[in-house]
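Take a look at the structure set out below.
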Amino acid sequence: MDQIRGVALFAIFLVNIPGLASVAEAGPFTINSALQAVLAVVLEDSARPLFAFMFGISLVLIYDRLRAKDFNPYPTLIRRMGLLFFIGALHGFFVWAGDILLLYAAAGFVLLLCLRLPAKWLLGLGFFFWLGYSTGIDLLTYYTAFHLSPDSWLKDAVNASSYPFGIDYLLLEFSSMIDHLGYFFFGMYAYRSGVFLREWSGRQQKWMISFGLLVLGLIGKAGIYFNVNSFFFHSLDDFYSFLVTIGLDMALFLLGTGSRKGILFPFAAVGKLTFTHYLMQSLIMVSLFQDSGRTIFIELGIWTAPSYAFALTIGLLLFGLQLLVSPLWLKYFYYGPFEWVWRMGTYGKWVPLLRRRS
């Protein structure tokens, strides 16, 4: 699980790099436009659902562990989501507008109401919000005279292009949260159904399914990205993006439980420090690149409007450093700094940070 979480963090970081660096617009037929197109097709709108999927699994896992100890899990989980909401709000308001923590905390409060639902209900809710809400509304808006996009309504109402603050920002995050709810439910279903707790038989067939989902999803995303005028691509962004997410999830799980699981091992330590690394990525990047952050970070920075390739190189170097530092940190500490604070706030008690040396 830590390995997949580490890969999800890497995927989200790659998607965030253009915003974190405020990259210059790439001209056509350049190395920058080619790199941007590849990463957009592969990861854009698929990385967040991957992380939401993992978040749903973690929420149910904590709930079950607390119940197994005869604790009422709801006060603990409410504190956990409340602290995440607070940190996400600070991060989104004052550091970088692309924050996802606020969205995940808001979703967490909604998901608390559904923790006792059986697996089939969670699966049904996942399909409802993915196909019925996210994809369905887009299709209705495109093929009918009805404009049924709450997200567009809110963006128009608050003039989203001006980087909204306060209530405007919260409203947009709430709308985005509803759009992502299905992915959280799919993660909850995956845990409740025991998908990640049992050995998978027929691995070859599952590899084929994973490959098929990835190919179909990538073809669809490529058609949408390059504005191919076809019935198969109109308003199906959420549909194809999540096909890539499901295919990637299956591939990562198969890889992590097979004979070549060592390939994902470097991501395990990063996955244990996801909260800290996510916040440090944005703090470092908006401090290096001007005009990408908020408040005091707007004027900070060494570079302005860098090329996509340059920003991507800096981002890869930063993530490489996180890969190297993570196992060293965990050798001396139980948690990352922000994981430690979050854990103490969740359980309402002091938690040791430093490992005892024998």
Side-chain angles (χ1 to χ4, degrees), residues 1-17 39 42-43 46-62 64-65 100-101 104 183-184 186-204 206-207 209-211 213-214 217 242-281 315-340 342-343 355:
M1 298 297 289
D2 289 329
Q3 296 170 338
I4 299 178
R5 193 179 294 113
V7 173
L9 174 67
F10 183 46
I12 281 195
F13 184 43
L14 289 175
V15 171
N16 287 344
I17 284 175
L39 288 175
V42 175
L43 294 176
S46 295
R48 275 195 176 192
L50 177 61
F51 216 87
F53 187 91
M54 300 306 299
F55 188 91
I57 292 175
S58 299
L59 189 64
V60 183
L61 178 62
I62 295 172
D64 284 356
R65 285 179 176 175
I100 63 171
L101 302 179
Y104 282 44
Y183 314 133
F184 293 97
F186 279 120
M188 294 171 70
Y189 164 77
Y191 181 85
R192 275 278 176 261
S193 64
V195 169
F196 292 103
L197 300 178
R198 59 175 181 261
E199 289 292 328
W200 278 14
S201 58
R203 296 179 64 86
Q204 184 175 357
K206 289 181 172 61
W207 271 115
I209 294 172
S210 172
F211 180 75
L213 290 171
L214 284 170
F242 194 56
L243 288 186
V244 173
T245 300
I246 300 171
L248 185 59
D249 250 325
M250 290 183 66
L252 290 172
F253 184 73
L254 286 164
L255 195 60
T257 56
S259 58
R260 297 181 180 179
K261 59 184 177 183
I263 296 174
L264 296 179
F265 181 75
F267 292 94
V270 171
K272 293 179 184 293
L273 304 175
T274 300
F275 196 7
T276 294
H277 283 322
Y278 173 77
L279 291 172
M280 292 307 299
Q281 286 168 357
L316 291 174
L317 289 173
L318 173 57
F319 192 81
L321 181 63
Q322 291 180 326
L323 285 173
L324 292 174
V325 169
S326 297
L328 294 175
W329 178 274
L330 291 172
K331 185 177 180 180
Y332 298 99
F333 302 95
Y334 288 111
Y335 316 101
F338 287 101
E339 284 81 6
W340 179 56
W342 195 20
R343 192 174 185 87
R355 292 183 184 271

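In what follows, residues are counted from 1 in the order of the sequence shown. Because the structure is a prediction, the values reported are computed rather than measured.
Between Thr245 and Pro49, the shortest heavy-atom contact is OG1-CB, 3.6 Å. Smallest separation of non-hydrogen atoms from Glu339 and Thr276: OE1-OG1, 2.5 Å. Closest approach of Ala269 and Ser326 over heavy atoms only: CB-CB, 3.6 Å. In terms of heavy atoms, Leu213 sits closest to Ile246 at CD1-CG2, 3.7 Å.
Residues satisfying the ring-ring contact (aromatic ring centres under 6.0 Å, His included) criterion with Phe242, sequence neighbours excluded, are Trp130, Tyr183, Phe186. Scored by the side chain to side chain contact (heavy atoms under 4.5 Å, CB included) test, Arg343 finds Tyr335, Tyr347, Val351 as partners (sequence neighbours excluded). Considering only residues two or more places apart in sequence or on other chains, Val60 meets the side chain to side chain contact (heavy atoms under 4.5 Å, CB included) condition with Asp64, Leu115, Met188, Tyr191, Arg192. Every residue two or more places apart in sequence or in another chain that forms a ring-ring contact (aromatic ring centres under 6.0 Å, His included) with Tyr278 is listed here: His91. Judged as a side chain to side chain contact (heavy atoms under 4.5 Å, CB included), and not counting sequence neighbours, the contacts of Ala251 are Trp207, Ser210. Looking at residues two or more places apart in sequence or on another chain, you find a side chain to side chain donor-acceptor pair (under 3.5 Å) between Ser46 and Lys221. For Gln322, the side chain to side chain contact (heavy atoms under 4.5 Å, CB included) partners two or more places apart in sequence, or in a different chain, are His277, Met280, Gln281, Phe319. Partners of Phe333 by ring-ring contact (aromatic ring centres under 6.0 Å, His included), not counting sequence neighbours, listed by chain and number: Trp329. Here Phe13 pairs with nothing under the ring-ring contact (aromatic ring centres under 6.0 Å, His included) rule; sequence neighbours left out.
For the atom pair CD1 of Ile17 and CD1 of Ile12, the computed distance is 12.5 Å after rounding to the nearest 0.5 Å. Note that CZ of Arg48 and OH of Tyr104 are 6.5 Å apart. Values are rounded to the nearest 0.5 Å. Annotation: the span from Leu273 atom CG to Leu330 atom CG amounts to 4.5 Å, rounded to 0.5 Å. The line from CD1 of Ile209 to CG of Leu214 is 12.0 Å long, rounded to the nearest 0.5 Å. How far CD1 of Ile4 is from CG of Leu9: 14.0 Å, rounded to the nearest 0.5 Å. The distance from the CG atom of Leu316 to the CG atom of Leu14 is 6.0 Å, given to the nearest 0.5 Å.
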Report task. Please test Val42 against Val244 for side chain to side chain contact (heavy atoms under 4.5 Å, CB included), starting from the C-alpha separation and ending with a verdict. Result -> CA-CA 8 Å; Val42 175; Val244 173; 5.6 Å; no
Trace of the side chain to side chain contact (heavy atoms under 4.5 Å, CB included) decision for Leu279 with Leu101: CA-CA 10 Å; Leu279 291 172; Leu101 302 179; 3.6 Å; yes
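Annotation: salt bridge (charged side-chain N to carboxylate O under 4.0 Å, His left out) contacts involving residues 268-280, sequence neighbours excluded, comprise Asp2-Lys272.
Ring pair Phe55/Phe184 is perpendicular by interplanar angle, where above 60° counts as perpendicular and below 30° as parallel.
The environment of CZ in Arg65 is sparse: at most 12 heavy-atom neighbours from other residues, nucleotides or ligands sit within 6.0 Å.
For the pair Thr274 (side chain) and Gly271 (backbone), a donor-acceptor distance under 3.5 Å is present.
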